[in-house]
Each structure stands twice: as C-alpha cells, then as structure tokens.
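In what follows, a single structure is set out as structure tokens and then discussed.
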Amino acid sequence: MTYNLTEGCLETIMAGGDVSNPIIQILGMKKIQSGSSNKERFRLVVSDGKHTVSQAMLAAQNNEQILHAGDNTVVRVVRFISSAFNNQNSGKEQRILLLLEVDIVAPGNVVGRQIGSPVQLTDSKKNESAAPKKVPQQYAPKPNEVASTGYNYSGENNAPSLENQMVHPITSLSPYQNKWIIKARVTNKSAIRTWSNSRGEGKLFSMDLVDSSGEIRCTAFREQVDKYYDYVQVDKIYFISKCQLKAANKKFSSLKNDYEMTTTSETIIQECQSDDTAIPTTCFNFVTIDKISNMEEGALVDICAICKNVSDVQVFQAKTTGRDLTKRDVALVDQSNTSINLTLWGNEALSFDGINNPVVVIKGAKIGEFGGGKSLSCLSSTLMKINPDIPESFRIRGWYDQVGCNENVVDISAKSGLSPFSSPWLSFKEVKDKGLGNGDKADYYQTMATILLMRSENLTYKACPTESCNKKVIDLENGMFRCEKCNREYPNFKYRLLSSINMADWSGNTWVSTFTSEAETILGMTAQEVGEQIENNSEAAANIVERVNFKQFVFKCRAKMETYNDEARLKTIAVEVKPVHFKEYNNYLIGRIKQLMS
DNA sequence: CCCCCCCC
C-alpha cells in the first residue's frame with residue numbers, strides 16, 4: 001500500500017503558506033505540561049515524507065483518536081494553524097503548527113513504518129522560505145512513485161504528479177490566471193460528437209466537473225478526444241490543470257459558472273486514487289415544474305420529479321435531416337402538482353424503464369414550447385439519474401407515495417386535442433386575443449363555461465341506423481327511410497342530436513356547436529329519449545333545453561376559422577363535455593395566480 | 001474550434 005504524503009507541504013506551512021488538506025505522517029507523540037489547563041496536550045513529530053517538523057501540537061479534541069492510532073499514523077489535516085511567535089532566547093521568529101482537525105487515513109499499525117526518508121526542516125530553510133509570503137511550490141514526486149501508481153494521464157509522459165500540490169477551488173478559475181490545479185469529480189460525460197461546417201470539421205466531447213466550491217464544463221476537441229474520452233470516467237475524481245478558460249454560453253449549459261474550459265495539448269488530467277467524500281457529486285439547481293411555465297424557451301433546467309407516465313417508443317424521420325429518430329415521452333410530476341412532458345432520445349428512450357414511478361432527476365434539460373404548452377427535451381449534455389441517493393429524491397419519493405399519487409395535476413405541456421394530455425386552459429377572450437383557429441390546423445382548448453342558451457330548433461334529426469353511419473336519412477313517408485350515403489332504404493332510423501349553444505366564461509361568450517355525444521351529456525338524456533319526447537309533444541324541445549340554462553361544464557373546444565359568404569368566422573365545436581372537477585380547476589386557477597404573482 | 005438534439 002502506498003500512502004501519498006503531501007511532500008514538501010511542511011516547508012510551505014512553516015513558512016506561513018497554505019496547503020489544502022495536506023496528508024502527513026505522525027512519527028511520534030510526547031505528552032507535555034499544559035500550563036493552566038487541566039487538559040493533556042501532546043507535542044508531535046510529523047513528516048510530509050520530505051521533511052520532519054517537531055514543533056507541532058495536537059488540538060485537545062483529537063488526542064484520543066490519534067493516541068489510539070499510534071505512531072506512524074497517516075492523517076489528512078482538515079484544519080490547521082501555523083502560529084508565529086518570537087523565540088525569547090534567540091529573538092528569531094518561530095512557528096508552531098497546531099493541528100485543529102485531522103482525519104485518519106491509515107492507523108500506525110497498518111502503515112507500520114516511516115514513509116520516505118524525511119530530514120528535519122532546518123531553521124535556515126524555514127527562514128529562507130519565510131521571506132516572501134509564499135505561493136505553494138510545485139513539487140516533483142519521486143519518479144518511481146508516479147510510475148508505480150500508474151494513474152497519471154498527462155500531456156507529457158513525465159509530467160509531474162498533481163497529487164500532492166495545492167488545489168484551487170473551481171470557482172476561483174478565470175481566464176486571467178492560468179496557474180492552477182483543480183481536484184474535481186466528473187459528474188457527467190457527453191457522447192463523442194462530430195461536426196462539419198464552413199470553419200472545418202472535427203469531434204468533441206464535454207464533461208462536467210464539480211468540487212465543493214462549484215462546477216464547470218470542460219470540452220475536449222479532436223486528438224484530445226482520443227486521449228481523454230476513455231480515460232475519464234463519470235463519478236471519479238481527477239486532478240486537472242492547464243486548460244484554457246473562456247466565457248461560458250448559458251444557452252448550452254446549466255452549470256453555475258460564468259466560464260467553461262477547453263483542454264489543450266498542455267493539459268494534465270490525473271486520476272485521484274482515493275475517493276474523497278469532500279468532493280461532492282453533481283450539483284443540482286432544482287426548480288419546481290410549475291416555474292417552468294414562466295421560463296423562456298431554450299433555457300436549461302434541473303428538475304427532480306416522479307415519472308407518472310411513459311409513452312411507447314416512437315420512431316420517425318426528422319424533417320430537416322431525414323434521419324430516423326427514436327423518442328419516448330415521459331410525464332413528470334412534482335410537489336407543485338404540475339406535470340410536464342420530457343422527451344428522451346435514442347438509447348435513453350429505448351432503455352428508459354418507467355415501472356413503479358421512479359424518481360427522475362435531470363440536469364440541463366432544454367425547455368421547449370409547443371401548441372401553447374411547455375415541455376422538456378434531453379440533450380446530449382443532459383444528465384439524467386433514476387432514483388439517485390440524494391435528499392431531494394427521497395423527499396419526492398415520500399411525497400408521491402403518500403400524497404402526490406392521488407393529486408390532480410396541472411399539465412403545462414397540454415396542447416392539441418389529439419395529444420394524450422389535456423388541452424390548455426384558455427378563456428374565450430384569450431382564444432380571441434391569441435387568434436386561435438387562424439392556422440392551417442384547428443386549435444384545441446378547454447374552458448369552464450356556463451350555458452346561456454341552447455337552441456331548440458332542429459335539436460334532433462333522424463339518422464341512418466347503421467352503426468358507423470350517422471348520415472341524415474330521408475323520410476320516404478311510407479315507413480321507410482333512405483340513406484343516400486349507404487344507398488339503402490331502412491325500416492328504422494336512430495335519433496341524433498345537433499345544437500348550437502351560447503356559452504359564457506368570465507371573459508366573454510361564444511356560440512359552440514354540439515353533436516350527439518356531447519349534447520347527451522349536457523342534457524342528461526339520450527338522443528333517443530329526446531327524439532321520442534319531441535315526437536310526442538312539439539313543446540318538449542323548448543322545455544328540454546331550458547333545463548340546461550346556467551349549467552356549468554368544462555368544455556373542450558375545437559376552433560377553426562371558416563369562411564361563409566366571404567366572411568371569416570371562428571367555428572367552434574365542443575368535442576368533449578365534462579362535469580366541473582373543482583379540485584382540478586382550482587389547481588389551474590392557483591397556478592395562474594402564482595404565475596401572475598411571480 | 002461545438003452549440004445539432006430533430007416529431008407532433
């Protein structure tokens with residue numbers, strides 16, 4: 001077992017410099033008198049493999065664990081202070097190293113030996129380096145140490161190991177300073193993509209890097225794709241240095257960083273062997289689904305949601321490129337009681353398993369807009385995790401299983417009448433203002449409306465009795481009925497309904513045509529019952545329609561502009577009539593109020 | 001140096 005001590009760190013520290021989480025070895029411990037305090041204190045001899053320092057003290061709270069671990073213990077120093085004081089005898093400045101917080105990497109009995117051949121850090125050395133306030137130095141490791149570990153993948157074969165050097169937080173990186181090393185976890189790696197345009201062609205891939213300070217995207221082009229693509233693995237930690245930084249384009253990345261980086265031929269990427277839990281996994285900036293209705297098309301978002309439904313895989317040809325595309329739609333819902341459609345492509349579409357309503361966490365999905373509804377689409381750079389072990393995931397699992405599965409949701413992807421989702425809620429005024437029905441195709445919407453008047457004239461008609469044929473028949477007045485469509489005469493017919501209804505919502509009123517099925521729902525009678533009553537009593541039609549005045553329903557409407565005598569008029573047909581589901585309707589209203597307030 | 005991510 002090799003322990004990588006942070007070689008040379010003591011020289012830096014004892015000169016007043018900073019080193020992040022240095023790894024050192026404790027060679028010896030000696031109990032000292034602690035003056036006024038009753039607490040035991042220990043003086044340590046510590047080594048970084050290159051130098052030893054005996055002016056080190058252990059903070060009292062660490063005593064027990066270190067005593068127990070014994071001599072030769074290797075520790076990671078999480079917090080330390082190097083405190084300067086003037087030696088009363090010599091008059092020189094000296095420093096004492098106080099170890100405030102340490103993590104044991106390996107106890108003494110496991111290490112079993114002194115690592116390396118450290119020499120005492122001399123006073124002259126300390127004074128020499130104390131002169132200018134030191135920036136950490138670059139320390140070349142012993143050559144065989146890098147070779148033997150075999151995890152070095154750098155620009156040059158004999159590039160120095162970055163392992164024992166000071167690392168910089170990702171958030172500190174900028175184009176103005178190029179001497180840095182980061183220690184970051186790769187949280188996402190794109191597929192390799194090729195491009196070809198007027199400026200040339202090539203290939204690239206990108207990866208997302210995270211440390212405790214933040215995140216950044218790194219892209220590799222051309223020959224660096226070959227060099228790094230297989231080497232770099234998601235979830236592993238790497239030391240990275242010498243990439244080029246430039247301003248990030250927010251359109252293509254949801255990462256919280258104003259910069260992004262590109263590998264160069266100078267770049268060094270080295271795997272960090274130990275999994276450091278201090279380096280976080282992916283950093284998400286979740287928004288709730290309801291917020292997406294107010295966000296711009298093209299923006300990228302992170303969401304944590306439950307897969308409520310999945311569509312089958314669909315294959316179609318892209319209009320522009322002619323390529324065969326594979327997709328699958330996933331309906332996602334979260335605690336905002338709002339659902340949105342997420343489109344998966346290619347292999348992700350094929351392999352997606354929506355069984356048991358898994359938690360779906362996505363980072364960097366693109367917001368799309370279609371038919372008035374919002375939707376999400378996965379890009380090649382989008383990270384998707386199913387049932388990840390993160391608090392938000394457990395929280396939404398609990399919510400869905402206990403509450404969410406029974407809630408009614410507002411679907412912000414709602415669009416055309418043919419979609420598996422419901423149509424968008426629009427008021428009659430909005431229908432008018434938005435100019436619905438002016439396109440080539442009909443537009444669909446739903447509204448909660450009150451019936452003001454249902455026309456009784458020609459409420460029923462006699463239709464062909466053949467099940468699939470609803471054509472009006474001609475009464476031959478001899479007990480037979482002729483259907484022109486079927487080119488047949490029948491001894492019977494069936495009643496069908498047809499009526500115009502003037503209906504109003506809060507914003508205005510409009511005339512809507514209804515046919516048999518919807519009129520039956522409104523009237524609460526079958527077409528046959530209506531027809532028979534009218535046949536027996538000519539006054540019946542007026543009475544029947546009068547009963548529905550001021551009744552309220554949710555109407556799903558189909559709107560299409562049509563031309564009568566050179567005059568354009570919006571023709572509206574009720575294609576579905578449902579009783580008002582107040583909980584669902586209130587969800588919609590609450591959603592709109594929230595939209596107005598945000 | 002890409003930045004296309006497609007369809008209804």
Side-chain angles (χ1 to χ4, degrees), chain A residues 175 188-208 216-229 243-255 257 259-267 297-301 311-331 340-350 352 362-384 411 413-424 439-444 558:
Chain A
N188 195 23
K189 183 171 84 167
S190 79
I192 296 172
R193 191 164 59 81
T194 57
W195 84 88
S196 173
N197 60 28
S198 58
R199 278 166 297 185
E201 55 180 60
K203 59 182 173 180
L204 72 127
F205 81 96
S206 68
M207 53 188 167
D208 297 344
I216 193 163
R217 176 159 297 166
C218 177
T219 305
F221 289 93
R222 301 200 169 98
E223 59 272 21
Q224 275 134 52
V225 173
D226 303 325
K227 195 164 166 184
Y228 295 121
Y229 192 77
C243 292
Q244 195 177 67
L245 275 104
K246 59 169 188 171
N249 188 336
K250 298 285 177 190
K251 210 173 133 194
F252 305 115
S253 165
S254 71
L255 304 201
N257 201 319
Y259 302 112
E260 59 189 30
M261 54 197 214
T262 305
T263 61
T264 70
S265 57
E266 302 290 296
T267 294
E297 188 177 1
L300 301 176
V301 283
S311 78
D312 290 334
V313 169
Q314 297 158 60
V315 178
F316 62 92
Q317 227 180 24
K319 266 184 183 167
T320 44
T321 61
R323 277 200 289 176
D324 275 336
L325 298 172
T326 308
K327 75 152 195 172
R328 192 201 292 267
D329 286 333
V330 177
I340 193 163
N341 182 60
L342 168 71
T343 304
L344 307 178
W345 302 95
N347 284 337
E348 265 185 342
L350 292 168
F352 186 84
I362 45 174
K363 183 177 176 70
K366 194 177 87 166
I367 300 176
E369 211 165 335
F370 180 67
K374 286 281 191 359
S375 57
L376 294 175
S377 184
C378 275
L379 312 179
S380 64
S381 58
T382 303
L383 174 68
M384 179 168 73
D411 177 29
S413 297
K415 37 183 191 288
S416 86
L418 297 171
S419 100
F421 305 101
S422 59
S423 306
D440 292 340
K441 287 178 186 164
D443 290 313
Y444 292 82
R558 177 192 192 273

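Lettering of chains follows the sequences in order, A, B, ..., and the numbering in each one begins at 1. Being a predicted model, the structure only gives us computed values, none of them experimental.
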Would you kindly give the OH-to-P distance between A:Tyr229 and B:dC2, to the nearest whole Å?
19 Å
Just the rounded figure in Å: distance from P of B:dC5 to CG of A:Leu325.
11 Å
Looking only at side-chain N and O atoms, does A:Arg199 come under 4.0 Å of OP1 or OP2 in B:dC2?
yes
Taking the six-membered ring for Trp and the single ring otherwise, decide whether the centroids of A:Phe352 and A:Trp345 are under 6.0 Å apart.
no
Do A:Asn341 and A:Ser375 have side-chain N/O donor and acceptor atoms under 3.5 Å apart?
no
Partners passing side chain to side chain donor-acceptor pair (under 3.5 Å) against A:Thr262 (at least two apart in sequence or in another chain)
none
Interatomic distance where CH2 belongs to A:Trp195 and C1' belongs to B:dC3 [whole Å]
11 Å
Counting just side-chain N and O atoms, does A:Lys319 come under 4.0 Å of either OP1 or OP2 of B:dC8?
yes
Please determine whether a side-chain nitrogen or oxygen atom of A:Ser381 lies at a distance below 4.0 Å from atom OP1 or OP2 of B:dC5.
no
With a 4.0 Å cut-off on heavy atoms, is A:Ser377 in touch with a base, just the backbone sugar-phosphate, or nothing at all?
sugar-phosphate
Considering only B:dC5, B:dC8, B:dC4, which nucleotide approaches the side chain of A:Lys366 most closely?
B:dC5
With centres under 5.5 Å and planes under 30°, do A:Phe252 and B:dC2 count as stacked?
no
To check you understand the geometry: which heavy-atom pair defines the closest contact between A:Glu201 and A:Arg222, and what is its length?
O-NH2, 2.8 Å
Closest nucleotide among B:dC7, B:dC6, B:dC2 to the A:Lys327 side chain
B:dC7
For the pair made of NZ in A:Lys251 and C1' in B:dC5, what is the distance, rounded to whole Å?
13 Å
Separation of B:dC6 atom C1' from A:Gln317 atom CD, nearest Å, is 11 Å
Check whether any side-chain nitrogen or oxygen of A:Arg193 sits under 4.0 Å from OP1 or OP2 of B:dC3, and answer yes or no.
yes
What about A:Glu348: does its side chain form a donor-acceptor pair under 3.5 Å with the base of B:dC5?
no
Distance, rounded to the nearest Å, where A:Asp208 contributes CG and B:dC3 contributes C1'
14 Å
Give the rounded distance in Å between these two atoms: CG of A:Leu376 and C1' of B:dC5.
14 Å
Do A:Thr263 and A:Gln224 pair up side chain to side chain, a donor and an acceptor below 3.5 Å, judged on atom types alone?
yes
Nearest-Å distance for atom pair CG/P, residues A:Asn341 and B:dC7
15 Å
Base, sugar-phosphate, or nothing for A:Glu201, non-hydrogen atoms under 4.0 angstrom?
nothing
